[in-house]
Amino acid sequence: MKKIVIFYSLDGNTRFIAENIAKTIDADLLELKLKKEINSKGFMKYFWAGKSVMTKANPELLPIDKNVQEYDLLVIGTPVWAFTYAPALNTFFEQNTIKNKKVALFCCHGGQKGPVFKKMKEALIGNEILSEIDFQEPLKNDHVKNIEKAEHWAENIIKSL
Ligand SMILES: Cc1cc2nc3c(=O)[nH]c(=O)nc-3n(C[C@H](O)[C@H](O)[C@H](O)COP(=O)(O)O)c2cc1C
């Protein structure tokens, strides 16, 4: 079974979890990167990033070097922005037809994940959603506990297949 962890991360939390999951289940890693990345320093990021969610923006991504169609299991991760997934994933979902895949979802947030998983599932209709899990700013909070949580979750997904 071919496995891939696909994610976007502005401040590194989602990347931190994605890397640990990929290592645990021996999956490839695909980081979605914006052609024009938001400056992650300072308060303005909330303005720009928040606006891009509200306007349902499809920001341009840098070219992707993986063919998602080759994979059986997709683990997809996002930071929570305004209670939903980051706009980079809008673009990814639009540019890649994801159907008949096994999918697991994770997110990183600051304490209010809202309906992020419901919205991801709506965008991923036609796939089998295996599991979902959220992490509260793992880089600021207990690293070790969050790594263990991510590893345990990822191992259980593989066991359930
Ligand atoms: C524009 C913006 C909107 C956010 N909206 C939310 C939110 O609705 N709920 C929440 O709990 N955290 C929110 N956050 C905090 C992030 O979800 C949190 O810091 C997350 O860990 C960031 O992941 P990253 O480091 O991978 O970018 C927001 C952050 C930004 C920049």
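Quick caveat, the model's predicted, so the values are computed rather than measured. Indexing begins at 1, ligand by ligand and atom by atom, following the structure's order. Residue numbers count from 1 along this sequence.
Residue pairs meeting the ring pair (Phe, Tyr, Trp, His ring centres under 6.0 Å) criterion with at least one member in residues 2-23, sequence neighbours excluded, are Y8-W81, F16-H143.
Of the N or O atoms in V80, one or more lie within a sub-3.5 Å distance of an N or O in ligand 1. Distances between N or O atoms of P79 and those of ligand 1 include no value under 3.5 Å. No N or O atom of R15 sits closer than 3.5 Å to an N or O atom of ligand 1.
For ligand 1, the atoms sitting less than 4.0 Å from at least one non-hydrogen atom of C108 are 17 (O), 20 (C), 21 (O), numbered in the order shown with element in parentheses. Near L10, meaning under 4.0 Å from one of its heavy atoms, ligand 1 places the atoms 24 (P), 26 (O), 27 (O). Less than 4.0 angstrom separates some heavy atom of S9 from each of these atoms of ligand 1: 24 (P), 25 (O), 26 (O), 27 (O). Interface of T14 with ligand 1, defined as ligand atoms under 4.0 Å from a residue heavy atom, comprises 23 (O), 24 (P), 26 (O). Which parts of ligand 1 touch D11 is read off a 4.0 Å heavy-atom cut-off, strictly below it: atoms 24 (P), 25 (O), 27 (O).
Surrounding NZ of K66 are more than 12 heavy atoms belonging to other residues, nucleotides or ligands, all under 6.0 Å away. Counting heavy atoms of neighbouring residues, nucleotides and ligands inside a 6.0 Å radius, atom NZ of K35 does not exceed 12 of them. Within a 6.0 Å sphere centred on NZ of K102, heavy atoms belonging to other residues, nucleotides or ligands number 12 at most.
The nearest non-hydrogen atom to atom 19 (O) of ligand 1, considering only K140, K113, Q112, E137, comes from E137.
Salt-bridge annotation for E31 and R15: present, with a side-chain N of the basic residue lying under 4.0 Å from a carboxylate O of the acidic one. Ion pairing of E151 with K23 is absent here, as no side-chain N (NZ or NE/NH1/NH2) approaches a carboxylate O to less than 4.0 Å.
Counting heavy atoms from C-beta outward, E60 and L34 have side chains that stay 4.5 Å or more apart. Annotation: side chain of I158 is not in contact with side chain of E155 (no heavy-atom distance under 4.5 Å).
Here the rule is salt bridge (charged side-chain N to carboxylate O under 4.0 Å, His left out) with E132, and of K113, K121, K118 only K121 fits it.
Protein heavy atom at the shortest distance from atom 29 (C) of ligand 1 is Y46 CE2, 3.6 Å. The protein atom (non-hydrogen) at minimum distance from atom 8 (O) of ligand 1 is F83 N, 2.9 Å. W81 CD1, 3.6 Å is the protein heavy atom nearest to atom 2 (C) of ligand 1. Atom 1 (C) of ligand 1 has its closest protein heavy atom at A49 CB, 3.2 Å. The protein heavy-atom contact nearest to atom 12 (N) of ligand 1 is G110 N, 3.0 Å.
When heavy-atom distances to ligand 1 are checked against a 4.0 Å cut-off, A82 comes that close only through its backbone atoms N, CA, C and O.
Taking a 4.0 Å cut-off on heavy atoms, G12 registers as neighbouring ligand 1.
Taking the six-membered ring where the residue is Trp, the centroids of F117 and F106 are separated by 6.0 Å or more.
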